Amino acid sequence: MATSPNGWPPALPKTRPRRQILEDLRGGELAAGEIAARFAISAPSISRHLGVLKGAGLVTERREGNRIFYALAEERLANSIGRFLSAVCPEQIVLRHTKWRPTAQNEGS
C-alpha cells in the first residue's frame, strides 16, 4: 500500500467526502446506498471514493446479496493516524507515552 512521505495514506486527506465517509462509519457498518444518500454528489463518485478508501485499507467491504456494506478498518486507520502524528509531531510521542502509560500507583488502585 502506498503512503505519502510523511506516512499518511494518500486516500485520506485529499477529499472531504472521504473524511466524511470515515466519520459516518464511526457509528458502525453502512450499506453503500446509505453512504451515497448522505452526499449531494453522484453515487458513482461515492463508489470511487469508497474504492480508494478500501484500496488504502481504511475500510472493509462485506457483500450480502446485492448490497455492499462498508465498515472502518479501525486498526489500520489508527496505525495510519499514529504514523502521521509521529511524522508531524515527533515530540508528542514522548508526551503520549508518558501521559497514557499506567503508573504503578494507578494499577494498584
Side-chain angles (χ1 to χ4, degrees):
M1 169 177 7
T3 59
S4 64
N6 64 6
W8 194 249
L12 192 54
K14 291 189 177 181
T15 68
R16 185 168 181 255
R18 291 180 199 154
R19 290 189 302 268
Q20 185 63 49
I21 289 168
L22 293 175
E23 188 173 325
D24 290 348
L25 290 174
R26 284 184 343 170
E29 184 179 73
L30 290 171
E34 293 172 305
I35 295 168
R38 297 169 182 232
F39 293 89
I41 59 178
S42 70
S45 291
I46 293 300
S47 182
R48 281 191 296 276
H49 287 299
L50 287 165
V52 170
L53 290 169
K54 182 183 170 203
L58 300 177
V59 299
T60 59
E61 177 185 283
R62 176 180 69 83
R63 292 178 180 267
E64 187 176 293
N66 64 350
R67 297 181 75 192
I68 303 171
F69 293 88
Y70 291 90
L72 287 179
E74 293 174 359
E75 186 173 329
R76 172 71 181 128
L77 186 57
N79 288 336
S80 296
I81 291 170
R83 280 194 309 275
F84 171 74
L85 291 175
S86 296
V88 173
C89 307
E91 68 280 357
Q92 293 298 316
I93 294 171
V94 174
L95 294 175
R96 285 195 307 265
H97 286 287
T98 303
K99 200 179 224 180
W100 296 342
R101 184 176 292 148
T103 61
Q105 184 180 26
N106 290 344
E107 289 175 356
S109 300

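Treat the numbers as computed from the prediction; the structure is a model and nothing was measured.
Annotation for Leu25 and Ala71: closest pair CD1-C, 4.2 Å, computed over non-hydrogen atoms. Considering all non-hydrogen atoms of both residues, Ala31 and Arg67 come closest at CB-NH2, 3.2 Å. Summarising the geometry of Leu50 relative to Tyr70, their closest heavy-atom pair is CD1-CE1, 3.6 Å, with the distance given to 0.1 Å.
Side-chain atoms of Ile35 and His49, non-hydrogen and from C-beta on, never get closer than 4.5 Å to each other. With a 4.5 Å cut-off on side-chain heavy atoms, Leu30 and Ile21 do not count as touching. Between Arg38 and Gln20, the closest side-chain pair of non-hydrogen atoms is not below 4.5 Å.
The salt bridge (charged side-chain N to carboxylate O under 4.0 Å, His left out) search around Glu61 returns Lys54, Arg63, not counting sequence neighbours.
Using a 4.5 Å cut-off between side-chain heavy atoms of Ile, Leu, Val, Met, Phe, Trp and Tyr, with links allowed through other members, Leu58 and Ile68 fall into the same hydrophobic cluster. The cluster map of Ile, Leu, Val, Met, Phe, Trp and Tyr, joined by side-chain heavy atoms under 4.5 Å apart, puts Phe39 and Leu22 in the same cluster.
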